[in-house]
K.L.:
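I have a structure I would like to understand better, so I am pasting it below and will then ask my questions one at a time.
One-based numbering, in listed order, for ligands and for the atoms of each.
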Amino acid sequence: MIIEPRTRGFICLTSHPTGCAQNVKNQIEYVKSKGKIEGAKKVLVIGASTGFGLASRITSAFGSDAATIGVFFDKPSTEGRPGSPGYYNTAAFEKEAHKAGLYAKSINGDAFSNEIKQQVVDLIKQDLGQVDLVIYSLASPVRTHPDTGKRYKSVLKPIGEVFTNKTVDFHTGKVSEISINPAEGDDIENTVTVMGGEDWKMWMDILKAENVLSEGATTVAYSYIGPDVTKPVYRNGTIGAAKDHLEATAFKITDELKSIGGKAYVSVNKALVTQASSAIPVIPLYISLLYKVMKEKGIHEGCIEQIQRLYSERLYTGEEIPLDEKGRIRIDDWEMYEDVQEEVMELWKTATTENLSEIGDLEGYSNDFYNLFGFKVPGVNYDKDVNEMVEIPSEN
Ligand code: NAI
Ligand code: NA
């Protein structure tokens, strides 16, 4: 079939298998071009099919020749209906990994559930024995709690008062003012339950109890801080409360892993266009200005550049991992450079519908968004008939 993008707000209902595969190949080439990393050899990635998790899986496999198990929640294709991008990404990743002689298997299902955790444990026991790195990169709006069966929904709201600021509809380029009402009722608790550290800890608990973590095993989860303009809706909002909880959980996990000399880290990453971040108001305007400034300075990075740098310049240098005053790894350092932030804030003040395509990188934002779904990828012929029925090799 011919597959075209069909967008509705900040989601795209279709995705393109050839474009997704090309994205994966480009990321693999990038990692290979940067040379070998003396990293972990057996890696579990939770949230492995898109964004930072996919980049982590690719960096482990093609930077360190690691065997990888990937966990994600994606929709396979059905006759006449494309699957979700993570599905096509993973199919392409596995194909390339197997071609390179690397072990790669995937589990598609709800990572929050006990069943999927047990399946992963069994697969590790069967194929790898133990893992030495666990990347935790889930981004989800909902979580069904495995103990109670209760379904929690996260919200993106400020805490305490109404937040009013500019935002952009990146499809039309229209800059407008948006007011977001503060969290009420159980909003904060619910968001922490979905995006906080409880599930990460549950994963590490079961992996340790089942003896599938090797001596000195490391686990890394991803967080975000960002600038003052997004603070009320991000870091000081409901999602920020969840990130506080996630960051605090790293210390609890490290305590628990003491007996095997293991460690848990949180890495603070850069703001990037992913399915998760497109849904947050105000952030798209910030990102389009940030992209402009960072590209002009030659320091723009995507997910793969970020994670390749995380591995090669933070996690696996052979020296102690540099941490900030709160014990976090910082790979958002370039985003947070003073001159970058000053310039972004200057642009922020003046940004309007009329000047945004000039002063901001709206095109870069939009392209990245379409790329997430395999569209507008250079070199892909979208007029060509494509088979939407793609299978992940290890899933049968
Ligand atoms: P993403 O939406 O690209 O990836 C999420 C992954 O989680 C996908 O592989 C998806 O299949 C998987 N997933 C979602 N629900 C699942 C479930 N119930 N069971 C199994 N898998 C599930 O998101 P992104 O942006 O890569 O986010 C990953 C982490 O990075 C999050 O913690 C996010 O807060 C953090 N982060 C994101 C930044 C950004 O600007 N995008 C910046 C800094 C940190
Ligand atoms: Na991810």
K.L.:
Give yes or no for whether the N/O distance cutoff of 3.5 Å, strictly under, is met between Leu272 and ligand 1.
P.N.:
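In this structure, Leu272 places an N or O atom under 3.5 Å from an N or O of ligand 1.
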
K.L.:
So, regarding Ala111 and ligand 1 (criterion: nitrogen or oxygen to nitrogen or oxygen, under 3.5 Å), is there a contact or not?
P.N.:
yes

K.L.:
Just heavy atoms, cut-off under 4.0 Å: does Cys303 contact ligand 1 by side chain, backbone, both, or neither?
P.N.:
neither

K.L.:
Would you mind running through ligand 1 and noting each atom that sits below 4.0 Å from a heavy atom of Thr274?
P.N.:
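Result: 3 (O), 24 (P), 25 (O), 41 (N).
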
K.L.:
Could you walk me through whether Lys157 and Glu184 pass the salt bridge (Lys or Arg N to Asp or Glu O under 4.0 Å) test, one step at a time?
P.N.:
CA-CA 9 Å; Lys157 292 185 186 172; Glu184 46 184 52; 5.2 Å; no

K.L.:
CD of Glu319: more than 12 outside heavy atoms within 6.0 angstrom?
P.N.:
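Counting other residues, nucleotides and ligands, CD of Glu319 stays at 12 neighbours or fewer.
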
K.L.:
Can you name the atoms of ligand 1, numbered from 1 with element, that are less than 4.0 Å from a heavy atom of Asp110?
P.N.:
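Matching atoms, with element in brackets: 17 (C), 18 (N), 19 (N).
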
K.L.:
Below a 4.0 angstrom heavy-atom separation, can you tell me which part of Ser223, side chain or backbone, both or neither, approaches ligand 1?
P.N.:
backbone

K.L.:
Pull out every atom of ligand 1 sitting under 4.0 Å from any heavy atom of Ser277, numbered as shown with elements.
P.N.:
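Ligand 1 atoms under the 4.0 Å threshold to Ser277: 40 (O), 41 (N).
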
K.L.:
Could an N or O of ligand 1 be found under 3.5 Å from any N or O of Tyr224, whether backbone or side chain?
P.N.:
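For ligand 1, there is no N or O atom that lies under 3.5 Å from one belonging to Tyr224.
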
K.L.:
With sequence neighbours excluded, tell me which residues meet side chain to side chain donor-acceptor pair (under 3.5 Å) with Lys95.
P.N.:
none

K.L.:
Touching ligand 1 at all, Lys243? Heavy atoms, strictly under 4.0 Å?
P.N.:
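Yes, Lys243 has heavy atoms under 4.0 Å from ligand 1.
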
K.L.:
Residue-level breakdown please: for Asn269 versus ligand 1, do any non-hydrogen atoms fall below 4.0 Å on the side chain, on the backbone, on both, or on neither?
P.N.:
both

K.L.:
Give a yes/no on ligand 1: does Gly109 have at least one heavy atom closer than 4.0 angstrom to it?
P.N.:
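Yes, that is the case, since the closest heavy atom of the residue is under 4.0 Å from the ligand.
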
K.L.:
Tell me whether Phe52 has any N or O atom under 3.5 angstrom from an N or O of ligand 1.
P.N.:
yes

K.L.:
Assess whether atom NZ of Lys36 is packed by more than 12 heavy atoms of other residues, nucleotides or ligands within 6.0 Å.
P.N.:
yes

K.L.:
Check whether more than 12 heavy atoms from other residues, nucleotides or ligands sit under 6.0 Å from atom CD of Gln118, and answer yes or no.
P.N.:
yes

K.L.:
Is the ring centre of His145 less than 6.0 Å from the ring centre of Phe112?
P.N.:
no

K.L.:
Taking NZ in Lys295 as the centre, count heavy atoms belonging to other residues, nucleotides or ligands within less than 6.0 Å. Is the count above 12?
P.N.:
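For Lys295, atom NZ is crowded (more than 12 foreign heavy atoms under 6.0 Å).
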
K.L.:
Provide the number and element of each atom of ligand 1 under 4.0 Å from a heavy atom of Asp74.
P.N.:
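Here the atoms of ligand 1 in question are 11 (O).
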
K.L.:
Test of understanding: given a 4.0 Å heavy-atom threshold, classify the contact between Ile116 and ligand 1 as side chain, backbone, both, or neither.
P.N.:
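The answer is neither; Ile116 stays 4.0 Å or more away.
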
K.L.:
Counting only heavy atoms not in Lys263, do more than 12 fall under 6.0 Å of its NZ?
P.N.:
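Not more than 12 within 6.0 Å, no.
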
K.L.:
Which ligand 1 atoms are under 4.0 Å away from a heavy-atom of Phe112?
P.N.:
18 (N)

